[in-house]
Structure formats: structure tokens, C-alpha cells
Amino acid sequence: MPGLGTSFGRGGATTAQQDLSNSDAILIMGSSMAENHPVGFQWVMEAREKGAKVIHVDPRYTRTSAMADIWVPLRAGSDIIFLGALVHYVLENKKEFRDYVAAYTNASTILREDFRDTEDLDGFFSGWDTEKEKYDPESWLYQGSPSKKVSEKPGHSAADGGHAKDRGGEAEDAGKFESDPTLEHPRCVFRVLKRHFARYTPEMVERYCGVPQDVFLKAAEAFTSASGPEKTAAICYAVGWTQHSKGVQVIRTAAILQLLLGNIGRPGGGILALRGHASIQGSTDIPTLYDILPGYLPMPFFEADSHKLQDYIKTHKAPTGLWAGFDKYFISLMKAYYGDSATKENDWGFNWLPRVSGDHSHFGYWLEMAEGKLEGLFVMGQNPAVGASNGRLERKALANLKWLVVRDMVETETASFWYASPEVERGELSPETIGTEVFLFPASGTAEKAGTFTNTQRLLQHREKAIDPAGDTRSELWFMYHIGKRLKAKAAGDPRSRNDGLKALTWNYTTEGNHAEPKVAEVLQEINGYSLPDRKLLEHIKDLKEDGSTACGAWIYCGVFPKEDRNRANERKSKDLLGHGWGFAWPNDCRIIYNRASARPDGKPWSERKKLVWWDEEKKHWTGLDNPDYEKETPPNAPVNLAEGKGTSALGPCIPTEWVGCMCPAD
């Protein structure tokens, strides 16, 4: 989720569904939560019973609208105007949580003198290259941040999807900057933000969203009043935002709003990205996205950062915060991939990784398919012939393939496109002329396989196999493992260097049963990570090393399987509202991330009613109702050393983990 990742540091929902019951106001947009996420919606209803205001903003009147205190029908696609107007309402009426904003966001940082906002450049930010049609983020740096060579700048590749940690053009060295804690400097982020959102007036909302001003003002007052030491508000969204053409910007605006109100990292606050299927979050964590590696590590592109490992690490490693461990995460991943074949001498197998060569996003490769540039396609857990935008284009594109593999429990429209589709009925496609060879493989259902789901709140939950798969059906794990074995066997007899990575790939899971099903526990243990050569399971992200002595398949999941006899994803003894003891939430079983911000800079809760984690002066560590998303032993009076310090210890008392609030509109 680029909008959340760019704003906060990690692309996951910031809170847990149960925590919605602590909210004083809940804004639901891009979702009919009551119908599509009914289990989570129970906590919305519990909050309403306690007096919370529930606001549903949606063009349709749904069951969610019926259960809301305020329903705001707006024109489809105008969400960002509505949210921008909420930001304007906060700033115009001085409803921001000033102490929180000053301590936990970048609102006080001063931008460079050559930065220009859209008001000055007819809708463009400074740095726009008309010929290349992309931004150079140089002018977006903080005042005092040193310039870097073009080759060292973060992403901004035209082929990039924005899912990795630093492909958004953000400030390159957040440790060197000038700031104004009073938030009065004309170029501080807070003032730039106020000027930028000045256009989003109630009149604009009425004109473009179709929402009467009085209705907007009623909703705005209800939501923004849930702020300050004693109150918090949450935002819930689903694919109505995620799949929007400007979804990243919509979610980014929601993040800015929540930072201004002091609602990130606090009970009853946060942004909850409602995922439409059981493990959509897991599929982005591990991932199925083309531009990232597991744990949101950037895939190397055919750019300057991909030539040498040291350049790749230098570009993407941060001096402070969790991303200061970038080299540990990446090298441990390479050891998980390539085992003993990954050595310091061969840069841990860095050159075996493929490079992103173009736009390989969903529509990127479907357009290439339509142009006849793809030979084959695997489809698993998806039905793009009817489940994606412009199904006609996608069904016709399938006819250009040489082969198509579909794994599903039934014959989907994607598998039958060649003989049963609207295009065949209309004569646009003909079974006689389609050359695509279709292979339909029967897939196991959920009850027929073991494994984990990672749900909407970053929670890993293990489930056991209930029954054996029927007939010839197989699990995805079985399919991928055995096709991998065949590919490795084929590569073994091919001396070309292009096969070196495949030959080096570790692919040695123990199998069991009549069908040689790989052991799920071994896969999860590899994802968790272990030390080398003794293969002792790791207990914490801090155990990862950059010297090749640890292997880890996804650093954010480290700790889910800390001992041979303890699969934390399979634990089912919840002991509190946030569900500790039931499953495992990344990172480090923290249920509300960035929760250092739930306490004042001096380590005390903002209020008794909204306490979450706090500094225990007697025991000299952070404690509370959640695992602190912060160095447990770092006291509130620790000095900030962003300029020269390393890792999380340099953050001092007031900057939670990734420096929670990135509010500059240019990011």
C-alpha cells in the first residue's frame, strides 16, 4: 500500500479491528463494511453503542449507511476532494492536535527555498520534467539536507508501482534538516500544507462532490472533534479506494488527515485497510507484487542501483529507524534463497535476482499480452477474465498467448474464455483460430491444506488441514514446490549462466503423505529466519545479521516461529482486547504500530482514557497494553541524534520508529 508506506514507513494497516471499539468517531469510505467485512463491523457497532459517531461516505445507500449516524452521498470518484476539505477544515479551524503534530510528524521541518507547490506552477510541483514526464525530487528535500548524485536518488522509475520502501521521492536524508517547532516558518511543512489545502473549501465539496455544505460541515465537525488527548478517530477503507485510479493519493490524504488529528499509533485511531480476501495482506508482504521483494524490500531495476550490491544497499538503506537494518534484511533474504551458494564473494547472489525491466503491473503485462509480447501466463487465486477492469481487453489478450495455466476449484471464465465468452458469442473470437493452449489444474480448497493467512490487520493465523484433497486436486504449495523441482532439474543440464540463480536456489523442504506435500512448518520457519550454520530459529528482528550468518524469508515476519515447538501463528489464547496470544501480528506481535505516539514526549500517556504504551520509570522500559513499536529500553529523555546516530537508538524520545508523520504534499 504505497499511500500508507510513504506516509508512515510500512505498508500495512496501522491498527487492529478490535481497537475500533475504542474510537470516538469512525469514518468509512470506499467500503460497505457491514456487508463485506461483517466480522470487523461488529467493533464499529460496539463503538457506536459507546457513543462514537459513525460516518459513511459513499455514493450508494447500503447496510453500512443504515447503521451510520451520518450518511454522506457523494459523486463517485470525488473522494480526494472530500478528504482534502476535511484537512482544510482542520487547519482552518485550528482543530489539529498541535502537541502531537509538533512532536511526531515532520510538520516543523523546513523545505528548501526552491520548492514550489502547485499554486505556483499551474498544477505541478517543482521538479517536473516535461520531456521525461516525471519528477526530479531534488527540490523536495528539507532545508539542510545535502544533495545527492542523480544515481543515488530514490526511485521514481516510470516502471515502478510504488510499493517499495522508498520509491516515492521522499527526503533522502531525514537526519539532516532545519525545523521550526513553532510551526510558523512560511516554508515549514505545516504552513505549506495549509496553503496547499486552502482550495478545498465546503463550496468546492458542494460543487464537485455534490454534497451540500451543511451536510459536509456536520460530518467534518463530528469527525475532527474526535481528536486531542481524550479522543481519537479511525478511518476504514477498502477496495473502493485501493482500486481507484488515484487510490494512492486518496489514501495519502487520509494519512495526512489522521496525522493532523493525532490519530496514528493511539487507541481508537489509525487507518484500517479492509482487505477483500483472507490473505491479501500476506500476498503483498511476501509478496506477489512485481516491484518488491518480501518485506517491502525494493526489487532492483535496470538502473544505477542495480549494478553493484553496495550501490543497491547504499541507495535503499536509511541511517536511522528500522530501515537502518536494510542490509541485514536483504542479505538474510539472499541466504534464505540461495543458502551456501550465497557468499560475500558473489555479493550474496545479488546478480542472480531478476531486474525489473518495465511496467509489470497488472495492466502493464496485460497490455503487453494484447500486443503479443507474452507467451504464457499462470493464473492462481484470481479470475481476471471477469474480475478486473476492462475484461473485454483481457479476454481478447488471452487469445494471444501460447499457453495458459489456470489453477482453481472450478472452471472459471479465465479458463473457458476460448469457447464461452461474450467475445466468442459476438464473433470477435473464434475457438477455431485461438492458439492458446489452456491447462486447467484442480486446486485444493482452504479446508484441504494447511498454512497461514495474514489478514487485514497484519495478523498471521495458522490453520490445519481438515481433510485430504479430493481426486487430483493439489495445494498451491504442492504445485509451486514440484514445478520448482522440475525447473531445477531441467536447469541442471543447461550450462548457460542464465540458469545459475535457479541452480543455486535452495529447494529442499521435507515432503510427506501420498502426494509428497511439502511440510508447511518448514516453509514458515524459513520465513521466520534462523541462524547459520546451526539453523537455530530467530526470536526477533534484531537477531538478523548482515554477515551471512542468518537466513530469513521475510524480515517483517521474524518472530512468528521463534522455537521448534512454538508456531505463534497457531496460538489461540487471546488475553486482551487487542488479541495478544491469538496469532502473530507483524512486526514483533505489535497490534497497533507506531504506538510510541500514544504517549507524550515525556513517556506518559496523553490521558488515562487513551493510554496504550508508556514508560515505566521503575523498571526502566516501555510497557502497557501492546508491545511497544519502539526500542523497549530507550528512555523518554534519550537524546535525539538523527544527524550522526544509527538505527532506532538515534531516534531519541519523540520519533516513533520511522518518524511517523510525513505530511508534505509533494511526497
Side-chain angles (χ1 to χ4, degrees), residues 1 3-5 7-23 26-31 33-34 36-47 232-239 241-242 251 254-255 258 263-287 295-296 451-463 554 556-557 559-560 568-595 597-598 612-613 624-629 657 660:
M1 288 176 279
L4 296 181
S7 300
F8 307 131
R10 287 166 286 186
T14 71
T15 187
Q17 295 174 89
Q18 303 96 309
D19 187 54
L20 293 173
S21 63
N22 290 319
S23 302
I26 300 172
L27 175 65
I28 303 171
M29 292 182 69
S31 167
M33 190 176 178
N36 296 317
H37 303 88
V39 175
F41 194 70
Q42 68 173 308
W43 305 107
V44 176
M45 290 295 90
E46 183 169 323
T232 52
I235 293 179
C236 302
Y237 73 87
V239 292
W241 279 4
T242 308
I251 298 165
Q258 286 293 71
N263 284 330
I264 298 299
R266 302 181 61 210
I271 299 179
L272 187 62
L274 299 166
R275 306 305 230 152
H277 296 280
S279 198
I280 296 296
Q281 182 67 52
S283 71
T284 55
D285 293 343
I286 289 298
Y296 303 91
T452 62
F453 291 126
T454 305
N455 76 353
T456 192
Q457 62 201 54
R458 301 168 283 102
L459 184 68
L460 280 79
Q461 297 174 92
H462 182 87
R463 56 42 175 133
I556 58 175
Y557 283 10
V560 66
R568 297 180 71 180
N570 201 31
E571 294 178 346
R572 294 294 182 270
K573 294 182 179 180
S574 178
K575 57 187 179 183
D576 53 35
L577 174 67
L578 295 177
H580 293 99
W582 182 293
F584 174 87
W586 68 261
N588 303 322
D589 204 28
C590 174
R591 304 301 167 110
I592 299 178
I593 48 180
Y594 320 113
N595 58 29
S598 70
L612 183 60
V613 299
L625 309 178
D626 195 9
N627 292 320
D629 189 20
T657 310
V660 162

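Predicted model, so just to flag it, every value in this text is computed and none were measured.
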Keeping the roles fixed (side chain from [X], backbone from [Y]), state whether a donor-acceptor pair exists under 3.5 Å.
X: Thr232; Y: Pro267; result: yes
X: His462; Y: Gly583; result: no
X: Asn595; Y: Asn627; result: yes
X: Ser279; Y: Thr454; result: yes

Can you find a pair of side-chain heavy atoms, one from [X] and one from [Y], that are under 4.5 Å apart?
X: Leu27; Y: Met29; value: yes
X: Asn36; Y: Ser31; value: no
X: Val613; Y: Leu625; value: no
X: Leu460; Y: Trp586; value: yes
X: Arg572; Y: Gln461; value: yes

What distance separates [X] [atom1] from [Y] [atom2], expressed to the nearest 0.5 Å?
X: Arg591; Y: Gln17; atom1: CZ; atom2: CD; value: 12.0 Å
X: Cys590; Y: Phe584; atom1: SG; atom2: CZ; value: 10.0 Å
X: Leu459; Y: Leu578; atom1: CG; atom2: CG; value: 11.0 Å

